[in-house]
Amino acid sequence: MASFKEIKSMWTELGMDLEKHDEFLNSFPSVMKEIIATQEHRPQAMEYFTNVVRTVHGQRPYELFEHKKRGGKVFGTYCVYVPDEVLFALGAVTTGLCGGDQFWVPGGEKVLPRATCALIKSSVGSRLDHTSPFCQLADLYIGEATCDGKKKAWEILARDVPMHIMDMPQKKREKDIQRFAEEIWELVEVAENLTGKKLTSDALADSIRLINEKRRALIRLHHTRQSAPAPISGKDALMVTQVAFYDDPSRFARMVNELCDELEERQAQKEGPFPAGTPRIMISGSPMALPNWKLHHLVETSGAVVVCEEQCTGTRYYENLVDESAGDLEGQIMALARRYMKTNCACFHQNEGRMQDIARLADDYRVDAVIDYSLQFCGLYSTESYLVKELLQNKGLPYLHIESDYSQQDSEALRTRIEALIEMLA
Ligand code: BJ8
């Protein structure tokens with residue numbers, strides 16, 4: 001464990017704005033206390049994940065800092081379509097850079113239109129304000145051409161930091177999957193140049209296994225939420241998935257499996273933080289980057305429990321494993337392309353796969369209602385909510401569409417709508 005003195009000198013060496021960063025640090029403990037620590041009957045194994053979050057700008061960045069001192073590279077990413085496997089196979093470490101806090105939004109608004117989603121503004125603001133150690137540590141930022149907001153924001157961010165942008169297909173035909181495999185090959189070349197290493201089939205096989213292991217642990221965890229009562233709160237489950245974007249993959253998988261042992265014990269005893277019969281909610285839509293717990297907190301303090309997230313901070317991150325059977329690099333890259341193209345983001349044209357996912361998850365998790373969530377100004381998920389609504393009406397499931405941002409201004413209005421939904425379920 002690094003001491004506070006060591007962490008502080010790292011922040012200085014990374015060129016962070018310490019005064020502004022202190023403002024962020026001063027507000028964080030009370031948010032953690034109010035939203036996370038006040039929950040009752042939390043699993044003991046959540047202590048590890050709570051500590052990772054509590055020290056999120058300290059301990060994990062310090063590990064990356066030391067990795068860099070040993071000559072290693074750090075890649076920063078913003079999207080679940082970036083294949084971590086090839087970067088780990090080159091001895092690098094990846095870290096999520098998506099901003100999930102209102103604190104960074106004004107920094108993003110200095111260069112972006114206000115009518116941009118909070119995730120993009122917060123991500124850009126955290127870099128431009130020099131208040132995130134992860135942004136300061138990344139040697140190369142990997143962006144992607146997904147939504148218009150990101151595509152344009154990356155052009156502005158690239159004036160400040162080195163960036164590589166992955167192109168994204170618009171559809172999922174066989175030729176699109178082949179094209180995505182070419183994008184992965186291009187990423188390999190870029191990463192080889194930065195790390196000075198050559199990708200080998202053996203190293204890639206190891207890292208495919210490593211990341212599969214991490215996803216398997218998450219699948220195991222989230223499956224426990226299918227039982228009633230759910231053995232873990234939605235807030236805690238979301239926090240674990242959020243930590244997955246930052247933590248060391250092997251340690252993370254081990255700690256998630258420890259948590260699963262406890263949750264499976266609770267399942268057997270029919271125990272959980274909420275009594276049996278508590279209305280079960282699935283949240284679909286835009287991702288919730290750390291520490292965005294706003295909607296989960298509102299739901300779980302209004303008499304319901306969140307049991308599933310059809311989001312990139314949920315099923316879209318951990319479902320689908322990479323086929324481990326390929327024996328050479330060509331086959332492995334193709335296996336990666338096939339796995340990543342199974343992820344159903346609203347940035348795709350003709351995205352029926354996402355509707356099938358929502359229908360399947362609603363059944364598997366025995367949900368009583370779905371809250372379809374779009375970050376304000378996210379045209380993709382807002383527009384697709386029309387199809388989500390139609391799907392759920394046909395299934396006879398209550399549905400609520402919510403558009404929100406990272407501020408707390410709309411919290412009470414949202415609570416009123418959420419309470420009305422939950423009352424209807426009683
Ligand atoms: S795979 S959801 S992580 S693009 S919420 S920035 S879409 S305007 S984050 Fe995303 Fe990859 Fe898709 Fe997932 Fe744009 Fe919408 Fe903002 Fe979004």
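As a basis for the values below, the full set of heavy atoms in this structure was taken, side chains included, without hydrogen atoms, waters or symmetry mates. Because the structure is predicted, anything quoted here is derived from the model rather than measured. For ligands, and for the atoms within them, numbers begin at 1 and follow the listed sequence.
For the side chain to side chain donor-acceptor pair (under 3.5 Å) criterion with Asp176, the lone passing option out of Lys172, Gln178, Arg179, Arg173 is Arg173. Screening His130, His57, His21 for a ring pair (Phe, Tyr, Trp, His ring centres under 6.0 Å) with Trp11, the sole residue that qualifies is His21.
Aromatic rings of Phe24 and Phe103 (six-membered ring for Trp) have centroids within the 6.0 Å cut-off, being under it.
The aromatic rings of His401 and Tyr399 lie parallel to each other, with less than 30° between the two planes, well short of the 60° mark.
A distance of 9.0 Å separates NE2 of His349 from CD of Gln170, quoted to the nearest 0.5 Å. Going from atom CG of Leu14 over to atom CD1 of Ile7 covers 11.5 Å, rounded to the nearest 0.5 Å.
Under 4.0 Å from ligand 1, the heavy atoms of Cys117 that appear belong solely to its side chain. The proximity of Ile120 to ligand 1, defined as any non-hydrogen pair under 4.0 Å, is limited to the side chain. Contacts between Cys378 and ligand 1, counted as non-hydrogen atom pairs separated by less than 4.0 Å, involve both the backbone and the side chain. At a heavy-atom distance under 4.0 Å, only side-chain atoms of Lys150, from C-beta outward, approach ligand 1.
The protein heavy atom nearest to atom 13 (Fe) of ligand 1 is Cys312 SG, 2.2 Å. For atom 12 (Fe) of ligand 1, the nearest non-hydrogen atom of the protein is Cys345 SG, 2.3 Å. Looking from atom 2 (S) of ligand 1 to the surrounding protein, the closest heavy atom is Tyr381 OH, 3.3 Å. Nearest protein neighbour of atom 1 (S) of ligand 1, counting heavy atoms only, is Tyr81 CE1, 3.3 Å. Protein heavy atom closest to atom 4 (S) of ligand 1, with residue, atom name and distance, is Thr146 OG1, 3.5 Å.
For a distance bound of 2.8 Å, the N, O or S atoms of Cys79 include one lying that close to atom 11 (Fe) of ligand 1. Note on Cys147: not counted as a metal contact of atom 16 (Fe) of ligand 1, no N/O/S atom lying under 2.8 Å.
For ligand 1, the atoms closer than 4.0 angstrom to any heavy atom of Ser286 are 5 (S).
Tyr81 contributes a side-chain N or O that, together with a main-chain N or O of Thr343, makes up a donor-acceptor pair within less than 3.5 Å.
Relative to the six-membered ring of Tyr317, Arg215 meets both conditions, a distance below 6.0 Å and an angle of at most 45° to the axis.
Side-chain contact, Arg220 with His223: no donor N or O sits under 3.5 Å from an acceptor N or O.
Ligand 1 has at least one atom lying under 4.0 Å from a heavy atom of Pro287.
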